[in-house]
Novice: 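What follows is a structure written as structure tokens; I'll ask about it next.
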Amino acid sequence: MEMEGGEKSRSRLCSICNQRRPALKRPKTLQQICRECFYVVFEEEIHRVIVDNNLFKPGERIAIGASGGKDSTVLAYVMSELNRRHNYGLDLFLLSVDEGITGYRDDSLETVKRNELQYGLPLKVVSYKDLYGWTMDEIVKMIGLKNNCTFCGVFRRQALDRGAALLKVDKLATGHNADDIAETVLLNILRGDIARLSRCTSIITGEDGPIPRCKPFKYTYEKEIVIYPLSYTPLILLSFSFLFGFDGTLPFIY
Amino acid sequence: MQLTLEFGGGLELLCDSVKVHSVDVDLPAEEKKLTMKHLLAWVRNNLIKERPEMFMKGDTVRPGVLVLVNDCDWELSGQLDTTLENKDVVVFISTLHGG
Amino acid sequence: MACNGTGCQSGCYKDTTGDQHDNHNNSAADANADDNNRRHRTTCLKCKATEATVFTGGDGGGRFCADCFRSNLYGKFKLAVTSNAMISPTDKVLVAFSGGPSSRVALQFVSEMQLKAQKNYDATANRDRSLPVFAVGVAFIDESEIHPVASAAFDKAVEDIKEIVSNLPLPTKELHVAPISHVYSTKTSDGKQMLRNLTNSVSDATGKEDLLTHLRMLSLQKVAIKNGYTKLVLGSCTSRIACHVLSATVKGQGYSLAADIQYADARWEVPVVLPLRDCPLQELNILCNLDSLKIVDIFNETGAGINGLVSSFVKILQEENPSRECTIVRTAGKLTPFPFNRIPEANVDDADLVSQRRQKKFNLKPIESLPPESFCPICNSPMSCYGNAESRPELFRAACCPSCQYQILPDEASSMDQFYSFLPESIIARAKNGNQKWIREKIQDCLLLDDEDEV
């Protein structure tokens, strides 16, 4: 704006601080902002979502569903940061599910274990073997590769609930982000699933059930979740090993 | 031209599980500068060993792949038209890995 | 979901593979028995007498003979018209004709319906209380000012449209060809320039397309009002509506979406009706081929914006699962319609006719939602909060729906001033409350009707 037109967009400044060079185009607002402002607004927006929606009450025990993937890793980090910074007074836990798929969870469980050390969050791993007496590998052996996603999805949902019950938590926080929710909305329209369509955008679900779930990342875009760890110091990067170094990622091709 | 290319979020699996590549890319014939468009074609031909469709769609990256040039979102530098210089660092991250 | 898809697909494709199998066996020894089998399979589902030549995918799809297919499709149109009181005998109906297959079929069906009414009238003309026959006109909006086409191609298109209209069954239908710039009341040349300026001041591809759609509707309304039409028939088919559902969702138009996808829409000064709401494009295409209904392909470029993306997405979905479009429309159909989503009862002196027509009405869902507080001056979307509008550009922005604000209106104040200065008078007037007052009156009619029905 300070220059003529947009041709010199490289020389534009961050639209928040107006001082530094922008490093990111926000997918939500198309604002161009610098690294420093990015992580301030990123965390602050999540804080606002938590406060405005009364997601948590002081003294609550909260389990964070931790898969070792990007969303839950960033969620665990941001939650523990905000809890400290804004005195939420929350008792935070990490909760992981081990499906027993060879080569699939082994690495990501390593990541989660590192997170446990890094943020000082206690970790509870629930295995399919413990819960159901079967590992996913054994299920696949029985029913073949075709429909096992259905099993895994249903089992995983239950496993998180059972694990949360074991930990006696008040609420379960999951890493579902804005992109996930948009995808779910479309899928439910295409399927004609009116019941799910009407509840899939709620930030808190299952309030009538034993353990309510909430999505602090409801308004957070996937792109920013992936970029967020990159804008941090190398020390913290270590714990976001799904991006670099250790291979903590769930291979996206599985 | 010396460049450092980094692949993350699962993309490294498409190039022999190597995350960081120090490469030397030649300017395309009759061109004065190297753009991201050229680099992507070069990566596809020289680094990607399998399933190129997980990385590219048409002449650009597949939706869901983030590109950073020197730690800066390539959407700010003109995407395919971004000009590269010697010693630049280009990062490709797939957002499609699990949550 | 994957299971759903494959389940249906296997069901749908089973017939095809079965046929191939039969053909293969045909060459074998027991050709006789097999021939019987084949005949049985390809008999029309409806009349069970004639050989089926038409295959329609999707909900209620099947194999039909040409006659049954035609009457089935016409039946869907007729049911939509009668059960929603779309056309009454005193109406003067304007059919919006773009040249495409959907509006071509709408035009054909409306004409057939008029012809039948005319025959009835002729048969009962001597008796008392015979119903008059509704009148039909055709409107074609010339968008060459926005989509430049070679003048020869355009002249050819207009000639073709004239021919199509003159070949329709009697009585003769008037054709109105109106340039889209006539939404401006100024001289044609000034209007052209204003229109060009207006569309050029919208940078977003989707916003430009949407603005054009709204201007097209304004043009149609203007033609209808000027020539005394009482209903406007659009050819919006299931496929088109399915695309609108998804793109409106993407654009954040969830609140107003219910208003756009109903059979009737009395938001407009001349109420708009969608009699082909239950007909998928695929079936309309089949009919056009079957009956050699001529299509005029002009101004039909697919955009690069959200709308183009969504329609190619829906097209692929539909190819993979033939009933997907219907599912989308059915899902969105669960949204509660607005009070204006029904045809308001006409005048009191029509009471006789009204009572006759009312017997035909059934299935009218009770309308529970509250009337909206205001309407967006650009797209006429209902809004849940009241935007107070004046003639100043920034206040105009406040009067627009969030979707138009984001997609169409320029961000910066100076461009906004310019954009505002290029707007047609009717949009400005709409922003100045006149529209809202008029709408209130319309809604009042609807609300009164609800009370009546309860008694």
Side-chain angles (χ1 to χ4, degrees), chain A residues 6-7 9-12 14 21-27 30-35 38 65-75 104-105 108 156 174-177 179-180 215 217 221-227 229-231 237 240-254, chain B residues 4-22 33 35-36 48-57 60-85 88-99:
Chain A
E7 54 170 357
S9 57
R10 254 179 190 275
S11 63
R12 272 200 183 186
C14 165
R21 269 190 41 190
L24 167 80
K25 190 167 171 185
R26 297 202 75 187
L30 304 185
Q31 273 178 318
Q32 310 195 350
I33 59 175
C34 67
R35 177 179 310 265
F38 165 61
S67 64
K70 62 182 186 336
D71 297 310
S72 57
T73 309
V74 176
L75 180 66
Y104 178 66
R105 282 291 171 194
S108 58
R156 179 143 65 174
T174 58
H176 293 100
N177 59 39
D179 298 53
D180 295 334
K215 314 178 187 105
F217 279 172
Y221 282 49
E222 189 161 61
K223 175 179 172 182
E224 298 196 347
I225 294 174
V226 174
I227 288 208
L230 298 178
S231 61
L237 256 184
F240 295 110
S241 55
F242 63 93
L243 290 170
F244 295 107
F246 323 95
D247 191 4
T249 177
L250 312 182
F252 59 95
I253 347 186
Y254 194 88
Chain B
T4 305
L5 309 181
E6 298 183 16
F7 294 83
L11 288 177
E12 68 280 6
L13 298 174
L14 306 181
C15 27
D16 290 337
S17 295
V18 177
K19 284 186 187 248
V20 183
H21 300 252
S22 295
K33 49 191 184 179
T35 64
M36 277 303 294
I48 303 288
K49 297 284 157 38
E50 50 180 310
R51 284 168 297 179
E53 72 279 3
M54 300 300 287
F55 180 62
M56 303 242 333
K57 189 181 179 199
T60 187
V61 291
R62 170 196 158 124
V65 173
L66 296 184
V67 183
L68 304 174
V69 179
N70 298 329
D71 281 345
C72 185
D73 190 354
W74 80 327
E75 287 186 49
L76 296 177
S77 50
Q79 293 174 305
L80 288 177
D81 298 328
T82 309
T83 315
L84 295 167
E85 277 151 33
D88 273 354
V89 180
V90 184
V91 180
F92 301 97
I93 306 166
S94 169
T95 62
L96 302 176
H97 45 211

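So that the names make sense, note that chain A is the first sequence line, chain B the second, and so on, each numbered from 1.
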Novice: Going by the rule side chain to side chain contact (heavy atoms under 4.5 Å, CB included), which residues pair with A:Gln31 if we only count those two or more places apart in sequence or in a different chain?
Specialist: A:Ser15, A:Ile16, A:Arg26, A:Thr29, A:Ile33
Novice: Mind listing the closest non-hydrogen atom pair of B:Asp71 and A:Ala23 along with its distance?
Specialist: O-CB, 3.9 Å
Novice: CD1/B:Ile93 to CD1/A:Ile227 distance, rounded to the nearest 0.5 angstrom?
Specialist: 6.5 Å
Novice: What distance do A:Arg21 atom CZ and B:Cys72 atom SG have between them, rounded to the nearest 0.5 Å?
Specialist: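 If we round to the nearest 0.5 Å, A:Arg21:CZ and B:Cys72:SG are 6.0 Å apart.
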Novice: Evaluate side chain to side chain contact (heavy atoms under 4.5 Å, CB included) for A:Lys223 paired with B:Asp73, printing each intermediate quantity in order.
Specialist: CA-CA 10 Å; A:Lys223 175 179 172 182; B:Asp73 190 354; 2.6 Å; yes
Novice: Quick one: list whatever passes side-chain hydrogen bond (donor to acceptor under 3.5 Å, both in side chains) with A:Asp180, sequence neighbours left out.
Specialist: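 A:Asp180: no side-chain hydrogen bond (donor to acceptor under 3.5 Å, both in side chains) contacts found.
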Novice: Is B:Leu68 close to A:Leu24 at the side-chain level, that is, under 4.5 Å between some pair of heavy atoms?
Specialist: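 Heavy-atom side-chain distance check fails, nothing below 4.5 Å.
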Novice: Heavy-atom count around B:Lys57 NZ within 6.0 Å, excluding the residue itself: above 12?
Specialist: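 At most 12 heavy atoms, drawn from other residues, nucleotides or ligands, come within 6.0 Å of this atom.
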